[in-house]
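All remarks here apply to the structure that follows.
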Amino acid sequence: MDLSDISINEAKEIQSRLSQKLVIGGKPDKINNVAGVDVAYINKENIALCVVVIFSYPALELLSVNYNHDTVTYPYIPGLLYLREGPIILKAFENIKIQPDIVIFDGHGIAHPRRFGLASHIGLNLNLPAIGCAKSFLYGSYEEPAKKKGSSSTLYDEYNKPAGVVLRSRENVKPVFISPGHLVGIDESVEIVMNCLARYRIPEPLRFADIEVNRYKKKLLMNF
DNA sequence: GCGACAG
DNA sequence: ATCTTGTCGC
(Lines give C-alpha, C1' and ligand atoms only; values in the text may rest on other atoms or scores of the structure.)
Protein backbone atom coordinates (compact mmCIF):
# COMPACT_ATOMS: atom_id res chain seq x y z
CA MET A 1 0.00 0.00 0.00
CA ASP A 2 1.34 3.36 -1.08
CA LEU A 3 1.27 6.46 1.08
CA SER A 4 -0.96 8.09 -1.52
CA ASP A 5 -3.62 5.44 -0.95
CA ILE A 6 -3.99 6.13 2.76
CA SER A 7 -7.31 7.66 3.68
CA ILE A 8 -7.60 10.64 5.95
CA ASN A 9 -9.13 8.58 8.73
CA GLU A 10 -6.48 5.89 8.46
CA ALA A 11 -3.78 8.53 8.62
CA LYS A 12 -5.31 10.04 11.75
CA GLU A 13 -5.51 6.65 13.46
CA ILE A 14 -1.89 5.98 12.62
CA GLN A 15 -0.90 9.32 14.12
CA SER A 16 -2.74 8.64 17.37
CA ARG A 17 -1.20 5.18 17.65
CA LEU A 18 2.38 6.15 16.81
CA SER A 19 2.18 9.13 19.12
CA GLN A 20 2.31 6.70 22.03
CA LYS A 21 5.80 5.65 21.01
CA LEU A 22 7.29 9.13 21.27
CA VAL A 23 9.94 9.86 23.86
CA ILE A 24 9.53 13.44 25.04
CA GLY A 25 12.05 14.89 27.48
CA GLY A 26 15.75 15.61 27.93
CA LYS A 27 18.11 16.10 25.02
CA PRO A 28 21.01 14.33 23.33
CA ASP A 29 24.10 13.89 25.54
CA LYS A 30 26.26 15.74 23.10
CA ILE A 31 25.05 18.05 20.33
CA ASN A 32 27.82 18.79 17.88
CA ASN A 33 25.59 19.66 14.96
CA VAL A 34 22.02 20.67 14.12
CA ALA A 35 20.17 19.96 10.89
CA GLY A 36 17.47 22.11 9.31
CA VAL A 37 14.90 20.88 6.78
CA ASP A 38 12.71 22.85 4.40
CA VAL A 39 10.44 21.93 1.51
CA ALA A 40 9.22 23.95 -1.48
CA TYR A 41 6.96 23.16 -4.42
CA ILE A 42 6.62 23.69 -8.12
CA ASN A 43 2.87 23.30 -8.27
CA LYS A 44 2.64 23.49 -12.03
CA GLU A 45 4.91 20.47 -12.41
CA ASN A 46 3.79 18.66 -9.25
CA ILE A 47 7.28 18.61 -7.83
CA ALA A 48 8.39 18.78 -4.19
CA LEU A 49 11.89 20.01 -3.36
CA CYS A 50 13.69 19.37 -0.10
CA VAL A 51 16.90 20.76 1.32
CA VAL A 52 18.65 19.45 4.42
CA VAL A 53 21.40 21.63 5.85
CA ILE A 54 23.70 20.78 8.72
CA PHE A 55 25.34 23.37 10.94
CA SER A 56 27.93 22.86 13.62
CA TYR A 57 26.59 23.50 17.13
CA PRO A 58 26.78 25.83 18.89
CA ALA A 59 29.18 27.62 16.51
CA LEU A 60 26.63 27.50 13.67
CA GLU A 61 29.06 27.03 10.82
CA LEU A 62 27.74 25.39 7.67
CA LEU A 63 28.84 21.76 7.37
CA SER A 64 26.74 20.43 4.50
CA VAL A 65 23.80 21.05 2.18
CA ASN A 66 21.79 18.37 0.42
CA TYR A 67 19.30 18.92 -2.43
CA ASN A 68 16.49 16.58 -3.49
CA HIS A 69 13.31 16.69 -5.53
CA ASP A 70 10.58 14.29 -6.59
CA THR A 71 6.97 14.28 -7.70
CA VAL A 72 4.39 15.06 -5.02
CA THR A 73 1.77 12.43 -4.23
CA TYR A 74 -0.53 13.98 -1.67
CA PRO A 75 -2.29 17.33 -1.19
CA TYR A 76 -1.79 19.54 1.81
CA ILE A 77 -4.32 18.86 4.54
CA PRO A 78 -3.95 20.65 7.91
CA GLY A 79 -2.79 18.10 10.49
CA LEU A 80 -1.61 15.67 7.82
CA LEU A 81 1.44 17.51 6.54
CA TYR A 82 3.50 14.34 6.80
CA LEU A 83 1.59 12.74 3.95
CA ARG A 84 2.65 15.55 1.65
CA GLU A 85 6.17 16.27 2.86
CA GLY A 86 7.21 12.97 4.43
CA PRO A 87 8.27 11.13 1.25
CA ILE A 88 10.63 13.81 -0.06
CA ILE A 89 12.10 14.42 3.39
CA LEU A 90 12.80 10.73 4.00
CA LYS A 91 14.41 10.51 0.58
CA ALA A 92 16.62 13.48 1.47
CA PHE A 93 17.77 11.81 4.69
CA GLU A 94 18.89 8.75 2.73
CA ASN A 95 21.34 10.98 0.92
CA ILE A 96 22.97 12.99 3.67
CA LYS A 97 26.56 12.16 4.55
CA ILE A 98 26.71 13.50 8.09
CA GLN A 99 24.70 11.99 10.91
CA PRO A 100 22.65 14.81 12.50
CA ASP A 101 22.58 15.01 16.31
CA ILE A 102 19.22 16.79 16.21
CA VAL A 103 16.93 18.08 13.47
CA ILE A 104 14.74 21.19 13.33
CA PHE A 105 11.67 21.00 11.11
CA ASP A 106 9.50 23.67 9.56
CA GLY A 107 6.27 22.53 11.25
CA HIS A 108 5.02 21.27 14.60
CA GLY A 109 6.03 18.37 16.82
CA ILE A 110 3.58 17.33 19.56
CA ALA A 111 1.71 20.65 19.38
CA HIS A 112 -0.73 18.84 17.12
CA PRO A 113 -4.34 17.59 17.36
CA ARG A 114 -3.13 13.99 17.78
CA ARG A 115 0.21 14.94 19.32
CA PHE A 116 2.01 13.80 16.19
CA GLY A 117 3.05 16.56 13.84
CA LEU A 118 5.63 16.38 11.06
CA ALA A 119 8.63 16.68 13.39
CA SER A 120 7.34 13.83 15.55
CA HIS A 121 6.57 11.59 12.60
CA ILE A 122 9.94 12.02 10.92
CA GLY A 123 11.81 11.93 14.24
CA LEU A 124 10.22 8.65 15.28
CA ASN A 125 10.60 7.20 11.81
CA LEU A 126 14.33 7.98 11.66
CA ASN A 127 14.91 7.55 15.38
CA LEU A 128 16.42 11.02 15.51
CA PRO A 129 15.98 13.80 18.05
CA ALA A 130 13.59 16.27 16.37
CA ILE A 131 12.19 19.71 17.10
CA GLY A 132 9.22 21.39 15.45
CA CYS A 133 9.59 25.11 14.74
CA ALA A 134 6.47 26.39 12.98
CA LYS A 135 5.85 29.89 11.68
CA SER A 136 2.18 29.78 12.52
CA PHE A 137 -0.38 28.30 14.86
CA LEU A 138 -1.92 24.86 14.40
CA TYR A 139 -3.19 23.62 17.73
CA GLY A 140 -3.43 24.50 21.42
CA SER A 141 -4.10 27.54 23.55
CA TYR A 142 -1.70 30.21 24.70
CA GLU A 143 -1.28 33.79 25.80
CA GLU A 144 0.52 36.23 23.56
CA PRO A 145 4.17 36.38 24.69
CA ALA A 146 5.77 39.75 25.54
CA LYS A 147 7.35 41.76 22.73
CA LYS A 148 10.90 41.33 23.94
CA LYS A 149 13.19 38.82 22.24
CA GLY A 150 13.30 35.55 24.19
CA SER A 151 9.87 36.08 25.76
CA SER A 152 7.74 32.98 25.65
CA SER A 153 4.48 31.46 26.79
CA THR A 154 3.40 27.86 27.14
CA LEU A 155 1.24 26.17 24.52
CA TYR A 156 -1.32 23.92 26.22
CA ASP A 157 -3.29 21.03 24.81
CA GLU A 158 -6.98 20.40 25.52
CA TYR A 159 -6.14 18.81 28.86
CA ASN A 160 -4.09 21.81 29.93
CA LYS A 161 -0.92 19.82 29.52
CA PRO A 162 2.07 21.71 28.03
CA ALA A 163 2.68 20.76 24.40
CA GLY A 164 5.14 23.45 23.38
CA VAL A 165 6.11 27.08 23.64
CA VAL A 166 5.26 30.23 21.71
CA LEU A 167 8.58 32.02 21.41
CA ARG A 168 9.36 35.61 20.47
CA SER A 169 12.49 34.87 18.49
CA ARG A 170 13.09 38.57 17.69
CA GLU A 171 11.98 41.89 19.04
CA ASN A 172 8.54 42.91 17.76
CA VAL A 173 8.02 40.08 15.31
CA LYS A 174 5.39 37.38 15.05
CA PRO A 175 6.36 34.57 17.44
CA VAL A 176 7.35 31.05 16.34
CA PHE A 177 5.79 27.86 17.72
CA ILE A 178 8.27 25.45 19.25
CA SER A 179 7.38 21.89 20.22
CA PRO A 180 9.44 18.77 20.69
CA GLY A 181 9.07 16.12 18.01
CA HIS A 182 10.95 13.18 19.51
CA LEU A 183 13.81 12.44 21.95
CA VAL A 184 13.86 15.97 23.36
CA GLY A 185 11.86 17.99 25.89
CA ILE A 186 9.97 21.26 25.63
CA ASP A 187 12.45 23.42 27.53
CA GLU A 188 15.39 21.77 25.82
CA SER A 189 13.80 22.41 22.41
CA VAL A 190 13.46 26.09 23.22
CA GLU A 191 17.03 26.23 24.51
CA ILE A 192 18.39 24.67 21.33
CA VAL A 193 16.31 26.87 19.04
CA MET A 194 17.43 29.95 20.97
CA ASN A 195 21.04 28.91 20.47
CA CYS A 196 20.37 28.70 16.74
CA LEU A 197 19.07 32.26 16.47
CA ALA A 198 21.20 34.91 14.81
CA ARG A 199 19.61 38.22 13.88
CA TYR A 200 16.45 36.84 12.33
CA ARG A 201 13.09 35.45 13.36
CA ILE A 202 13.83 31.98 11.99
CA PRO A 203 16.67 29.88 13.46
CA GLU A 204 19.68 29.70 11.14
CA PRO A 205 19.40 26.06 10.02
CA LEU A 206 15.79 26.56 8.89
CA ARG A 207 16.43 29.98 7.45
CA PHE A 208 19.35 28.75 5.37
CA ALA A 209 17.45 25.65 4.27
CA ASP A 210 14.66 27.96 3.07
CA ILE A 211 17.09 30.14 1.14
CA GLU A 212 18.71 27.13 -0.48
CA VAL A 213 15.50 25.33 -1.38
CA ASN A 214 14.27 28.44 -3.18
CA ARG A 215 17.57 28.83 -5.00
CA TYR A 216 17.33 25.18 -6.01
CA LYS A 217 13.79 25.78 -7.21
CA LYS A 218 14.83 28.69 -9.43
CA LYS A 219 17.54 26.53 -10.93
CA LEU A 220 15.08 23.73 -11.70
CA LEU A 221 12.58 26.16 -13.19
CA MET A 222 15.12 27.14 -15.83
CA ASN A 223 14.92 23.60 -17.18
CA PHE A 224 11.22 24.02 -18.01
C1' DG B 1 -24.15 23.62 11.25
C1' DC B 2 -20.04 27.08 11.71
C1' DG B 3 -15.18 28.17 12.19
C1' DA B 4 -10.07 26.71 12.54
C1' DC B 5 -6.63 24.84 10.01
C1' DA B 6 1.71 23.51 10.09
C1' DG B 7 3.21 23.83 4.63
C1' DA C 1 3.14 26.50 0.09
C1' DT C 2 2.26 29.79 -4.12
C1' DC C 3 0.52 33.88 -6.89
C1' DT C 4 2.82 39.08 -7.03
C1' DT C 5 5.06 45.50 -6.99
C1' DG C 6 5.99 48.56 -4.68
C1' DT C 7 7.09 50.28 -0.40
C1' DC C 8 7.82 51.41 4.68
C1' DG C 9 11.43 50.81 8.13
C1' DC C 10 15.85 49.44 10.55
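Order of the sequence lines fixes the chain letters, A, B, ..., with proteins taken first and strands second; residue numbering starts at 1 for each chain.
At B:dG7, one or more side-chain N or O atoms of A:Lys135 fall inside 4.0 Å of OP1 or OP2 (strictly under the cut-off). Between B:dG7 and A:Ser136, a contact under 4.0 Å exists linking OP1 or OP2 to a side-chain N or O. A close approach under 4.0 Å does not occur between any side-chain nitrogen or oxygen of A:Lys44 and OP1 or OP2 of C:dC3.
If you take CG of A:Asp38 and C1' of C:dT2, they are 13 Å apart, rounded to a whole angstrom. Atom CG in A:Leu221 sits roughly 12 Å away from atom C1' in C:dT2 (whole-Å rounding). For the pair A:Glu45 CD and C:dT2 P, the computed distance is 14 Å after rounding to whole Å. Protein atom CG of A:Leu155 is 18 Å distant from nucleotide atom P of B:dA4, rounded to whole Å. Atom pair A:Tyr76:OH and B:dA6:P shows a separation of 3 Å (rounding to whole Å applied). Remark: P of B:dA6 and NE2 of A:His121 are 18 Å apart, rounded to the nearest angstrom. Between the CG atom of A:Asn43 and the P atom of C:dC3 there is a distance of 7 Å, rounded to whole Å. B:dA6 atom C1' lies 12 Å from atom CG of A:Leu206, rounded to whole Å.
Residue A:Ala111 is out of contact with every strand shown, counting any heavy-atom pair closer than 4.0 Å. Within the 4.0 angstrom heavy-atom criterion, base atoms lie near A:Leu80. Within 4.0 Å (heavy atoms only), A:Gly79 reaches at least one base atom of the nucleic acid. Among the atoms of the strands shown, none is found under 4.0 Å from any heavy atom of A:Phe177.
Using modelled atom types, one side-chain atom of A:Gln15 and one backbone atom of A:Gly79 make a donor-acceptor pair closer than 3.5 Å. Between the side chain of A:His182 and the main chain of A:Val23, a donor-acceptor pair closer than 3.5 Å is present.
The OH atom of A:Tyr200 sits 12.5 Å away from the CZ atom of A:Phe208 when rounded to the nearest 0.5 Å.
Using modelled atom types and a 3.5 Å distance limit, the side chains of A:Ser19 and A:Arg115 yield a donor-acceptor pair.
Between B:dG7, C:dC3, B:dA6, one nucleotide has an atom nearer to the side chain of A:Lys217 than all others, and that is C:dC3. You'll find that the side chain of A:Leu138 is closest to B:dC5, out of B:dG7, C:dT2, B:dC5. For A:Asn214, the side-chain atoms get nearest to C:dT2 when compared with the rest of C:dT2, B:dA6, C:dA1.
Following chains of ILVMFWY side-chain contacts shorter than 4.5 Å, one can reach A:Val37 starting from A:Leu128, so the two form part of one hydrophobic cluster. At a threshold of 4.5 Å between side-chain heavy atoms, the hydrophobic network of Ile, Leu, Val, Met, Phe, Trp and Tyr places A:Ile110 and A:Leu183 in two separate groups.
Taking the ring centroids of A:Phe177 and A:Tyr142, they lie under the 6.0 Å cut-off.
Legend: residues meeting salt bridge (Lys or Arg N to Asp or Glu O under 4.0 Å) with A:Glu188, ordered by chain and number and at least two apart, are absent.
Summary of the strand contacts: A:Asp210 and A:Arg170 both lie near DNA chain C, and taking for each the nucleotide with the nearest heavy atom, the more 5' one is attributed to A:Asp210.
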For DNA chain B, what is the dot-bracket line, given that a base pair needs Watson-Crick (N1 to N3, plus N6-O4 or O6-N4) or G-U wobble (N1-O2 and O6-N3) geometry with both distances under 3.5 Å, and | means paired with another strand?
.......
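Stacking between A:Tyr41 and C:dA1 is absent: the ring centroid is not both under 5.5 Å from the six-membered base ring centre and under 30° in plane angle.
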